Amino acid sequence: MSDRSLRATFAPWLRLLAQRRTRLAIGVLLLIVTVFSAVGLLTLSGWFIAASALAGMALALGMAVAFDVYVPGAGIRFFAVSRTVARYGERLYNHDTVLRLLADLRHRLFTAMARLDDRSLARQRASDWLNRLTADIDTLDGLYLRLLAPPAVALAAIALLAAFLALWVPLVGLAVAALLVPTWAWLTAGQAWLGMASSKRQVAHLQRLRSQAIEHLTGLAELEAYRSREWHRQNFFQREARLSRDQQRLAGVAGLGVALVNLMVGLAMVAALWLAAAAWQQGAISGAVMVMMPIAVLALGEVLALLPAAFTQLGASRGAAERLNEVEEAGQATLSAGHAQLPTGALSVRLREIVLHYPGALAPALQDLDLVVAPGQRLALTGASGAGKSSVAALLTRRMPPSQGEILLGDIPLVEIDEASLRERVAILGQRIDLFQDSLASNLRLAAPKATDAQLWQALAWVELADWAEALPHGLATPVGEGGRALSGGQARRLALARLWLRDPGLVILDEPFAGLDAGTVARLSPRLDAWLTGRSVLFLVHQLDGGAFDPPGINFVQLLPARLV
């Protein structure tokens, strides 16, 4: 990915920006109006002050002078008001545009991440994924406001001002362009070249520091127990020192750019003054126009001063774009291209010579596994932890691709099945219950978005939660808290069962469905679940046969053994 050209790296995100090209064009126009007003204000003010001084000197010498103060005064007021209004409007409008672009970026990245299978997700820490959703997006959202619009406006301002000055003295316009166009080129390409490596490293250091900070806080007890806290802290401080060195270098590079702006704008002013003075001596221009020219050049310093810091950090934006491109490409690679629809009714399952090897694992999770579930059959996979029960569930729900072998659902290869059809016809209840920080109703409607309130109450009654929910102050609108923290473990498990009841799948995968529930509750819910499973293919994932309360009839048992180390 790092070998890609700069253009290829940013191409996907530039295309995303292009979807709002009208807003971007209006934003650039507002920037141009702001710059035009600032340059016009300083230029006209310089001319007016000089012309007023010359007129006053002439009057003091007894000369007859006609000088109109009203037209230039009105022009100065116009530029002052337009500069203030345009700047306010530009800031308001462009920042609103950036917030919209930020929403677009996050939506696109989250969509790509949602497509990733468990193998792809396991390659990064959770903190790294969070960093991509936050820091990388925040780095890239300034692509328009820092790296696209300002250099375009600055180059246009140089060209227009040089042409304006050339109307009076062509050599002045040529000199300003000759000095400031190469300066503009350095402030964009040169600053980016000097800061590319350090700014890319800075983003990597920041990402790792965030991860290390989270690891240190979450693993504090273990670090204390093994007397490793100081070692971990020293590792953290060493990386922080490397980040500090890169930040100091980038500050120096940005400072060099600012100094170059001041130097070259100053040289352009001196050149404009010298050439304008020569033209004044020859009688080609008035004294007021001679004073106006270097003052007009001075106004460009404000425009060029925006470029050094932005382009010094171009490497950070490039690194963020590269990491986000990796997520997009991984999401596209795991996105199913199949369009086959699963049949109605109970689904058959067939696994042929399945091998599953997690990245970096010493042993395969599954080795030469053959498994058949007939339509309507109930099969229980048993085995110790690590035998591969959860891996089978991940394979059947296409959360993990097999390293080798073939999987068929309803006699259709799994890779050819349409994504929506697969999610509709295959349901899983795992040991981990995922609840969102939303209401009871919203969490239930994850399974059935079009379910009515009456159906939701029926689902809650099916798991004996209706009376509890009716007693809540807000009923179905009651929030469950982050991750379902407002619920007990048993309530969360029953809410997940209610969510399952709202579905109509042909294959149901149950991983310890009554884990965390007391024996009395299991005894009451077990017959209901058994009746609901009638006419569906069922795969139970259990550790062992212990004669528990949930022991529905008609189950065939298959024991999985851990794969040998290879």
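Computed from a prediction, not measured in an experiment: that's the story for all the values here.
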Checking side chain to side chain contact (heavy atoms under 4.5 Å, CB included) for the pair Leu314/Phe10: CA distance, chi angles, key distance, verdict?
CA-CA 11 Å; Leu314 180 61; Phe10 285 116; 4.1 Å; yes

Do any N or O atoms from the side chain of Arg398 and from the backbone of Ala394 form a donor-acceptor pair under 3.5 angstrom?
no

Interatomic distance, CZ@Phe540 vs CG@Leu429, rounded to 0.5 Å, equals 11.0 Å

Heavy-atom count around Glu240 CD within 6.0 Å, excluding the residue itself: above 12?
yes

Pairs touching residues 85-99 that satisfy salt bridge (Lys or Arg N to Asp or Glu O under 4.0 Å), sequence neighbours left out:
Arg23-Asp96, Arg87-Glu302, Asp96-Arg100

Nearest 0.5 Å, what's the CG-CG distance between Leu187 and Leu155?
11.5 Å

Is there any side-chain hydrogen bond (donor to acceptor under 3.5 Å, both in side chains) pair reaching into residues 24-33, and which pairs are they, with sequence neighbours excluded?
none

Would you say Ser442 and Ser439 are linked by a side-chain donor-acceptor pair, where the criterion is simply a distance under 3.5 Å?
yes

Do Leu381 and Leu371 have side chains that get closer than 4.5 Å, going by heavy atoms?
yes

Would you find a donor on one side and an acceptor on the other, under 3.5 Å apart, between the side chain of Thr188 and the backbone of Trp184?
yes

side-chain hydrogen bond (donor to acceptor under 3.5 Å, both in side chains): which pairs involve residues 486-498, sequence neighbours left out?
Ser488-Gln491

Is there a donor-acceptor pair under 3.5 Å between the side chain of Gln238 and the backbone N or O of Asn235?
no

Using a 3.5 Å distance criterion without hydrogens, assess whether the side chain of Tyr93 forms a donor-acceptor pair with backbone atoms of Leu30.
no

Asp411 atom CG, over 12 foreign heavy atoms within 6.0 Å:
no

Going through the distances and angles, do Trp501 and Val463 end up as a side chain to side chain contact (heavy atoms under 4.5 Å, CB included)?
CA-CA 9 Å; Trp501 181 84; Val463 294; over 6 Å; no

Decide if atom CZ of Arg233 counts as having more than 12 heavy atoms of other residues, nucleotides or ligands within a radius under 6.0 Å.
no

What residue pairs, at least two apart or across chains, pass side-chain hydrogen bond (donor to acceptor under 3.5 Å, both in side chains) with a residue in residues 247-260?
Ser198-Arg249

Side-chain donor/acceptor of Asp246 to backbone N/O of Ser199, under 3.5 Å
no

Give every residue pair that meets the salt bridge (Lys or Arg N to Asp or Glu O under 4.0 Å) criterion with at least one member in residues 437-458, sequence neighbours excluded.
Arg445-Asp453

Let's go through Val508 and Ile428 carefully: what are the C-alpha distance in whole Å and the side-chain angles of both, what is the deciding distance for side chain to side chain contact (heavy atoms under 4.5 Å, CB included) to 0.1 Å, and is it a yes or a no?
CA-CA 6 Å; Val508 183; Ile428 180 171; over 6 Å; no

Heavy-atom closest pair (Leu243 atom, Gln202 atom, distance to 0.1 Å) is CD1-CG, 3.5 Å

Quick test of your reading: applying ring pair (Phe, Tyr, Trp, His ring centres under 6.0 Å), list the pairs with at least one residue in residues 387-415, sequence neighbours left out, ordered by first then second residue.
none

Distance-minimising heavy-atom pair for Pro308 and Gly257:
CG-C, 3.6 Å

